[in-house]
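Residue numbers start at 1 and run along the sequence shown. Both counts, for ligands and for their atoms, begin at 1 and track the order of listing.
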Amino acid sequence: MNSIVVHYKELALKGKNRPWFVQVLVRNLRRALHGLDIASVRSAMGRVEIELGPGASWDDVRDRIGHVFGIANFSYAGRAPHEFAALAGAILESLGDRTVPSFRVSARRADKRFPFTSPEIERQVGGLIKLHRQWPVNLGDPAMTIHIEMLPEDAFYYFGKEPGAGGLPTGTGGRVACLLSGGIDSPVAAYRMMRRGCAVLLIHFHSYPILSRASQEKVREITTLLTKYQQHSRLALVAFGELQQQVVLGVPAALRVVIYRRLMVRIAERLARAWKARALVTGEVIGQVASQTLENMTVIAEAATMAILRPLVGMDKDEITAQAERLGTLPISNIPDQDCCQLFTPRHPATRARLEQVLRAEAALPVAEMVTRAVEAAVVEEYRFPVLEYAAGRNAAER
Ligand code: ATP
Ligand code: MG
């Protein structure tokens, strides 16, 4: 066996866009598998086939494919001729000395011109396997299902299915920019947008050198982890401490958090536009902390001219935490740091900031100039998965 059959599901629903979706999926798979010994990646009759070279290990390949969005499931598979005896022979050989208490054959025809129906294929191939192994057939609850897919030229067979990452292929949903703090929520928000096919630019505001570098180190680690899902990330690090000091001098304490956020939104938007992103994403959740009220969200959003998406808005903290744990970002988020928003933040921020008050307070600030200064000083870092140097090293070693 030296193939992997990749099945997509949701993609099938996308009508006229479907060929493009599949093309993007194939491209993403090629990128994700970079540096491994892969002979080819191509789409074939409603599925994608990956042909492995002799140096590819199934464990490595499985880990890479498992992070690619747009995949329902995938299987380590063999290819064999259509003809029943040859097909059964190849299956028996691949099974080696494996034994199972019961089995069934489940056949599908990718090419309906194949002269036998699926039940006929199941009966014929199943009969031959039973004859050789004497395993009982159990259609309802078999210990092993032998899957067969008839293609125009030959057939695939496989014995198990790995769950795919689901969602839609990265890039098919356009670009968005996510405000990424070192907290628990925003990495999950970024992940959920990636899962829906968006390429996500990550933007972090830090208060170095007033505070430590800890928050930057955290978001770098989080970005490295998230990049497994989109293969390429851009992280913009924006120095925010000086702007906060300016706000402290000119703005009543209760309004500061909302004004910090409005500045963040404006800066993020400028960076997003430069990257052709169409919307901002935050990890905001209604009522999670005192300042995340509908009133404050509305006043913050008023500073934006592009849509602000909040994929977690209706989720409970424990649901978000569980997702962060599965994603692997939770232990990073839990590392204590000094978030820039705690800096110069009053003990009692306004829970219902009034827009008129906020606008009046902002009028005392050189907002446009502050935004431009922050945007110009932003530091952009590129992240790739797989890391190319590593991949290049592997290739060189293989040669
Ligand atoms: P998180 O866990 O994502 O930090 P939170 O519950 O702590 O969320 P807030 O601190 O109120 O909530 O932040 C709300 C949202 O604002 C965050 O989810 C994030 O999108 C954005 N945000 C907050 N602080 C920063 C920051 N320093 N850099 C970038 N974005 C930030
Ligand atoms: Mg936070």
Identified side-chain contact (heavy atoms from CB on, under 4.5 Å) partner of Glu149 from the options Arg109, Arg47, Met45: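 Only match with Glu149 under side-chain contact (heavy atoms from CB on, under 4.5 Å): Arg47.
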Mutual orientation of the aromatic rings belonging to Phe205 and Phe240 [parallel < 30°, tilted 30-60°, perpendicular > 60°]: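 Perpendicular.
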Aromatic ring pairing Tyr229/Tyr191, orientation class (parallel under 30°, perpendicular over 60°, tilted between):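 Geometry flag for Tyr191 against Tyr229: perpendicular rings.
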Give the numbers and elements of all ligand 1 atoms closer than 4.0 Å to a heavy atom of [X].
X	answer
Gly183	1 (P), 2 (O), 4 (O)
Ile184	2 (O)
Ile203	29 (C)
Gly283	17 (C), 18 (O), 20 (O)
Thr282	20 (O)
Gln288	6 (O)

Check whether any side-chain N or O of [X] sits under 3.5 Å from a backbone N or O of [Y] as a donor-acceptor pair, and report yes or no.
X	Y	answer
His204	Leu180	yes
Arg64	His34	yes
Gln124	Ile121	no
His82	Leu151	yes

Side chain, backbone, both or neither: Val285 near ligand 1, heavy atoms under 4.0 Å: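 None of Val285 does.
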Backbone or side-chain N or O of Met264 under 3.5 Å from ligand 1 N or O: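 No; every N/O pair is 3.5 Å or more apart.
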N or O pair under 3.5 Å between Asp185 and ligand 1: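 Among all N and O atoms of Asp185, at least one is under 3.5 Å from an N or O of ligand 1.
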Residue-ligand contact Arg261/ligand 1, heavy atom below 4.0 Å: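 Arg261: in contact with ligand 1 (<4.0 Å).
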